[in-house]
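Down below is the structure, laid out as structure tokens.
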Amino acid sequence: MNYKRFDQTIVLRLDRGEKVKESIQTVCEKENVTLATVNGIGGLDSASIGIYNFDTSDYKINEFNEFLELTSLLGNVTQMDGEYYSHFHATVGNSKGDAFGGDLDEAVIGAAVEIFIHIINGTVERSVDDETGLNVLNFDK
């Protein structure tokens, strides 16, 4: 992992074998980032991507263990109970041109991944929504 901060933007390069979510958390905690948007692209060796089931209030995780192009990583960094919290969606494509997307559980770098973290001054907390069971943005905290 290698990164450089330019004012309110962190440019992050992840290398083979590193994990996307784990690496973003490490950088955000080191740089005291409490609120940000995140985007990225690159090549992966594997990815776990989930789809939320409202009927059962849980995620179905799909495992992909092949080289994948990370065509889109989008998400944000917020706080929950005063601690780091991330929410990322990813779209990945395989060698056949099939694309898959959903909530990123985790991904391992296969070649390199380039991520931009755009810092927003402030903090937004999350709390559990009783109706959906999701951790939603809460502007009252």
Side-chain angles (χ1 to χ4, degrees), residues 1-139 141:
M1 172 175 49
N2 200 356
Y3 75 91
K4 186 170 183 178
R5 184 168 179 164
F6 301 89
D7 297 318
Q8 296 298 97
T9 301
I10 296 170
V11 180
L12 170 63
R13 186 194 77 226
L14 301 180
D15 299 312
R16 189 167 179 79
E18 294 180 305
K19 294 181 178 179
V20 170
K21 287 178 66 176
E22 179 181 290
S23 298
I24 294 170
Q25 180 172 355
T26 298
V27 170
C28 285
E29 289 176 345
K30 183 175 180 181
E31 294 291 329
N32 298 310
V33 175
T34 59
L35 184 61
T37 60
V38 176
N39 61 17
I41 56 173
L44 306 173
D45 267 342
S46 64
S48 302
I49 299 174
I51 301 295
Y52 189 70
N53 183 326
F54 286 99
D55 294 332
T56 60
S57 296
D58 66 320
Y59 282 90
K60 178 187 184 307
I61 303 293
N62 294 304
E63 299 282 343
F64 301 94
N65 294 303
E66 59 187 298
F67 184 80
L68 301 162
E69 285 291 339
L70 176 62
T71 60
S72 179
L73 171 69
L74 295 172
N76 57 62
V77 171
T78 55
Q79 300 281 291
M80 188 159 177
D81 299 324
E83 300 290 327
Y84 172 91
Y85 187 95
S86 65
H87 183 196
F88 301 121
H89 283 203
T91 304
V92 299
N94 65 17
S95 62
K96 297 179 203 170
D98 299 322
F100 307 94
D103 276 285
L104 181 64
D105 184 51
E106 189 53 276
V108 177
I109 310 310
V113 167
E114 301 165 351
I115 296 172
F116 287 70
I117 302 169
H118 305 282
I119 301 164
I120 302 167
N121 290 327
T123 301
V124 173
E125 282 280 333
R126 289 184 177 266
S127 61
V128 177
D129 178 68
D130 293 332
E131 184 177 342
T132 63
L134 297 172
N135 298 328
V136 297
L137 300 174
N138 182 342
F139 300 105
K141 287 190 169 190

Query - Option among D103, N135, N76, T78 that satisfies the side chain to side chain donor-acceptor pair (under 3.5 Å) test with H87 - result: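 It is D103; the other options fail the test.
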Which pair of heavy atoms, one from [X] and one from [Y], lies closest together, and at what distance?
X: I51; Y: G102; value: CD1-CA, 4.0 Å
X: R13; Y: D15; value: NE-OD1, 2.8 Å
X: L44; Y: A107; value: CD1-CB, 3.8 Å
X: G75; Y: F88; value: CA-CD2, 3.7 Å

Please check if the number of heavy atoms outside [X] that lie under 6.0 Å from its [atom1] is greater than 12.
X: E66; atom1: CD; answer: yes
X: E63; atom1: CD; answer: yes
X: K19; atom1: NZ; answer: no
X: F116; atom1: CZ; answer: no

Is there side-chain contact between [X] and [Y], with at least one heavy-atom pair below 4.5 Å?
X: V27; Y: V33; value: no
X: N94; Y: F100; value: yes
X: R126; Y: N138; value: no
X: L104; Y: K21; value: yes
X: I24; Y: S86; value: no
X: Y52; Y: L134; value: yes
X: E31; Y: I119; value: no
X: Q25; Y: V77; value: no

Report task. Under the side chain to side chain contact (heavy atoms under 4.5 Å, CB included) rule, what do E114 and V11 come out as? Steps first, then yes or no, please. Result -> CA-CA 7 Å; E114 301 165 351; V11 180; over 6 Å; no
Query raised in the report: Is it true that a side-chain atom of T71 and a backbone atom of T91 form a donor plus acceptor pair closer than 3.5 Å?
Result: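 Confirmed, T71 side chain pairs with T91 backbone.
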Query raised in the report: For H118, which residues count as a ring-ring contact (aromatic ring centres under 6.0 Å, His included) partner, sequence neighbours excluded?
Result: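 With sequence neighbours excluded, H118 shows a ring-ring contact (aromatic ring centres under 6.0 Å, His included) to no residue whatsoever.
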Requested in this report: Take T34 and T123 through the side-chain hydrogen bond (donor to acceptor under 3.5 Å, both in side chains) test and state the conclusion after the steps.
Outcome: CA-CA 6 Å; T34 59; T123 301; 3.2 Å; yes
Query raised in the report: Can a salt bridge be assigned to the pair D45 and R16 using a cut-off of 4.0 Å between side-chain N and carboxylate O?
Result: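 R16 and D45: salt-bridged.
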